[in-house]
Amino acid sequence: MNPQGNLSDRSLLERLARRAMAENGFEADFSALAVQELDAIDRHAPSDPSLRDLEELPWCSIDNDDSLDLDQLSVAEARPDGSTRILVAVADVDALVPQGSAIDAHAALNTTSVYTPAAVFAMLPKALSTNLTSLNYNEDRAAIVITMEFAADGELAASDVTRARVRNKAKLAYRGVGAWLEGQGPMPAPLAAVPGLAENLRLQSEVAQRLLALRRSRGALSLETSEARAVFAEGRVSGLEAVRKNQATELIENFMVAANGAVATFLEARGFPSLRRVLRSPERWNRIVALAAGLGERLPDEPDGAALEKFLSRQHDAAPEKFADLSLAVVKLLGRGEYVAEPPGGASPGHFGLAVGDYVHSTAPNRRFTDLVTQRLLKAALAG
């Protein structure tokens with residue numbers, strides 16, 4: 001029985017979420033000053049003449065079915081020498097959220113959008129995060145574009161960052177694109193409507209799979225933890241829906257890892273500090289070794305990402321139905337990721353789970369404050 005009388009499940013869950021937000025020091029609502037700032041924002045398309053015009057490229061977004069805060073677009077370009085150029089456009093949130101504003105202060109306090117089953121407490125007002133600073137379909141938007149050139153084996157040959165104007169040609173979802181890429185479903189209608197986009201997405205997916213294989217050979221961990229989303233029908237929870245990875249989620253994940261690495265090296269090369277996202281070498285490695293021994297396998301005495309990944313791969317193949325539980329156990333033993341302020345020339349410990357040495361968060365400025373800080377550093381570096 002619903003203990004709150006006639007409240008729907010969604011209303012009750014939202015009330016509980018608001019209470020939890022307050023108890024943990026988050027702000028569920030924006031201040032009156034932030035609302036005033038929002039009302040005064042210029043809602044016209046970007047007109048900065050210094051922006052490169054990249055609107056004609058076949059950009060597309062891939063996100064959850066119900067996502068409205070679109071942070072990034074991607075596109076691929078095959079090169080005559082067999083390499084591939086990948087461009088990732090990230091929403092220029094800083095253009096409409098100046099440092100020191102009331103909206104910025106709210107974002108700095110919450111640090112992230114908080115997602116709950118019944119409600120999303122967005123880091124930025126929804127008029128921004130789902131509209132003006134979202135890379136929405138068929139809208140001109142200012143963006144930070146990370147360009148990466150990958151050799152045929154997936155090695156990064158060169159990268160650069162620029163400011164540009166972009167236009168999303170197709171709003172796509174993980175589930176539909178993943179099923180199509182894997183031959184399990186039809187081509188999504190928005191994809192079919194853009195000439196040449198299907199071929200471009202297949203090229204993007206091929207590059208992403210090469211990037212994934214290369215990182216796994218270096219020790220990137222193929223962990224799969226269970227995730228479920230509440231399904232509502234007329235305000236009532238009608239069930240839970242499993243969230244599964246597919247080639248579309250892998251495409252975005254691998255491009256974001258690559259783009260975040262390129263941003264880190266871009267800032268370093270220009271003598272700028274950065275906020276690195278790190279996962280240190282696990283201090284509880286001995287317990288991971290013991291976990292493997294309990295399954296009849298042996299790991300080295302010292303932390304070794306490549307050896308751990310091979311162990312995980314074998315366990316996935318041997319008992320896929322138990323792999324989510326094993327992954328969760330390993331995740332807990334790896335410890336938590338953290339942010340580290342790194343000056344130019346610093347020595348970041350890197351990210352053990354991703355098998356990368358240089359890594360920041362920069363590709364989700366609508367929903368993570370560290371990404372907005374990194375964006376401001378990038379724009380300062382670009383301005384000299």
Test side-chain hydrogen bond (donor to acceptor under 3.5 Å, both in side chains) on Glu309 and Ser222 and set out the steps. CA-CA 7 Å; Glu309 167 55 20; Ser222 52; 2.9 Å; yes

Pair [X] + [Y]: basic N to acidic O under 4.0 Å:
X	Y	value
Arg215	Glu250	no
Arg18	Asp29	yes
Arg367	Asp63	yes
Asp94	Arg376	yes

Hey, does [Y] have a side-chain heavy atom less than 4.5 Å from the side chain of [X]?
X	Y	answer
Leu334	Ile288	yes
Met21	Phe121	yes
Val161	Leu382	yes

Are any side-chain N or O atoms of [X] and backbone N or O atoms of [Y], one a donor and one an acceptor, separated by less than 3.5 Å?
X	Y	value
Trp59	Leu54	yes
Arg165	Arg141	no
Gln375	Ala91	yes

Do Thr265 and Asp358 pair up side chain to side chain, a donor and an acceptor below 3.5 Å, judged on atom types alone?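 Thr265 vs Asp358: no donor-acceptor pair found between side chains.
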
Between the side chains of Ser362 and Asn260, is a donor N or O closer than 3.5 angstrom to an acceptor N or O?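 Short answer, yes.
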
Around Arg52, counting heavy atoms of other residues, nucleotides and ligands shown, do more than 12 lie under 6.0 Å from its CZ?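 Open.
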
Over 12 foreign heavy atoms within 6.0 Å of CD, Glu283: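 Count not over threshold, so no.
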
For Arg368 and Asp71, what are the C-alpha separation, side-chain angles and deciding distance, and is it a salt bridge (Lys or Arg N to Asp or Glu O under 4.0 Å)? CA-CA 10 Å; Arg368 283 191 309 232; Asp71 281 298; over 6 Å; no

Looking at Tyr339, does the NZ or CZ of Arg276 lie under 6.0 angstrom from its six-membered ring centre and within 45 degrees of the ring axis?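 So Arg276 doesn't make the cation-pi contact.
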
